[in-house]
Amino acid sequence: MPHVRRRRRNTLDKIPVTVLTGYLGAGKTTLLNRILSEPHGRTYAVIVNEFGEIGIDNDLVVAADEEIFEMNNGCVCCTVRGDLIRIIDGLLKRRRRLDAILVETTGLARPAPVAQTFFTDDAVRAKTRLDSIVTIVDAHHLPRGLEHSSEIPEQIAFADVVLLNKSDLVDAAGLGRAEQLVRAINPYARLHRTSHCEVDLAAILDRRAFDLDRILTLEPDFLTAAADPEHEHEHDHGHEHEHEHEHEHEHHHEHGDDGHAHHHEDDAEATPPAAALHTDGILSVALSTDQLVNPDRFVPWVETLLAEQGGDILRSKGILAFTGEDRRFVFQGVHMIIDGNLQRPWADGEPRRSRLVFIGRNLDAARLRREFEACIG
Ligand SMILES: Nc1nc2c(ncn2[C@@H]2O[C@H](COP(=O)(O)OP(=O)(O)OP(=O)(O)O)[C@@H](O)[C@H]2O)c(=O)[nH]1
């Protein structure tokens, strides 16, 4: 069927865009330098706020007075002196095929406006697709950073992929604690422990974390991120995490008025000291049901919820089994912008289990649960 072929080609042709965030000194430049100088045989474009920040050797730069710089490995680097949409337009007009675009969000407290550009701008959306949000976390600085910064938990909350970097500067216990701090904010991101951002670029580029089709193939990880076999862990502590995640999935993170997480007593072993868990009130709420959900109630509910509380809800994702519908409804959101559609049919014998997750601040878990349950049947 002609239109099916056209759709496939469109998806394949779209250039994946990765949005990179991370606190001051976390290692963003280190990662970008690798991408722009390693002989990986692919052509990536890196968009940075100010070229000066990248600190790359000037010899790599071919045409220094242009806004778009070509590197000696074929990658291009450009700077958001102008606006993002115009820069992307300029990149797309170049003849050379790009394998991926990476946008660094230094200087922006929040990565959301950049991410949303790829949902909302038609011209950009026609040629590119938001692939994932990657957050670099300084494992050494994280406990202190969380005490002082509201940006760090927010950046972690947005992430589809977390690089827990500077792992060489902390011992195994410290690294485990840092990972728990990340997980307390965002249990769903794929996490890689790195030193000097040494990670296979395939782990951060072209992940299809925002691709609704792909959420389905990632589904085993969707609510069990800690059991991810692709984690680059140096030692096995999976059991601890499975335990931790049982709580996260069945209940949610319980935070008190002080914004600190409170865990169940039997979880004590896997829980960092409460004082270290300053997550700026950001928590995740996971909801699920084995009963069918009424789309006429669910869709208006989630739309209203995100319209009213989208400022606080940083990320949302869901797979829904609707009454009278053989296909799965899948959605994905950044603040109040959501994208969702019907996907493949539920397989024979596959439990029609609806799951959704919200990550954000000021989330009233009991109310979310109550309102979601009101959409059942
Ligand atoms: N020990 C150690 N040092 C690292 C690692 N990653 C980066 N660094 C160093 O940390 C410092 C900061 O790294 P950058 O890559 O500049 O960090 P950044 O996030 O770009 O920093 P800003 O541009 O200031 O936001 C540099 O001196 C890096 O060499 C790591 O994994 N281990």
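Each ligand, and each atom within it, is numbered from 1 in the order the structure gives.
Using the six-membered ring where Trp is involved, Phe298 and Phe322 have ring planes that are tilted, between 30° and 60° apart.
Looking at Asn33 against ligand 1, nothing comes within 4.0 Å, counting heavy atoms.
Note: no N/O pair closer than 3.5 Å links Thr194 and ligand 1 by distance alone. An N or O contact shorter than 3.5 Å links Gly25 to ligand 1 by distance. Backbone and side-chain nitrogen or oxygen atoms of Leu24 are examined, and none is located within less than 3.5 angstrom of a nitrogen or oxygen of ligand 1. An N or O contact shorter than 3.5 Å is missing between Cys197 and ligand 1 by distance. Distances between N or O atoms of Lys166 and those of ligand 1 include at least one value under 3.5 Å.
Near Thr30, meaning under 4.0 Å from one of its heavy atoms, ligand 1 places the atoms 7 (C), 13 (O), 14 (P), 15 (O), 28 (C). Atoms of ligand 1 lying under 4.0 Å from at least one heavy atom of Tyr23, given by number and element, are 19 (O). Annotation for ligand 1: atoms under 4.0 Å from non-hydrogen atoms of Leu169 are 1 (N). Listed by number with element, the atoms of ligand 1 under 4.0 Å from a non-hydrogen atom of Ser195 are 31 (O).
A continuous path of ILVMFWY side-chain contacts below 4.5 Å connects Val137 to Leu24, so both sit in one hydrophobic cluster.
Using a 4.5 Å heavy-atom threshold, the side chains of Thr43 and Arg97 count as separate. In this structure, Leu191 and Arg183 have side chains that are in contact, with non-hydrogen atoms separated by less than 4.5 Å. Side-chain atoms of Thr128 and Leu92, non-hydrogen and from C-beta on, do get closer than 4.5 Å to each other.
Of all the listed residues (Thr29, Asn165, Thr21), Thr29 holds the heavy atom that lies closest to atom 23 (O) of ligand 1. The option from Glu198, Arg193, Lys28, His140 that lies nearest to atom 25 (O) of ligand 1, judged by heavy atoms, is Lys28.
Defined by atom type and a distance below 3.5 Å, a donor-acceptor pair is present between the side-chain atoms of Thr21 and Thr135.
Rounded to the nearest 0.5 Å, atoms CD (Glu325) and CG (Leu292) are 11.0 Å apart. The NE2 atom of His335 sits 5.0 Å away from atom CG of Leu314, with the distance rounded to the nearest 0.5 Å.
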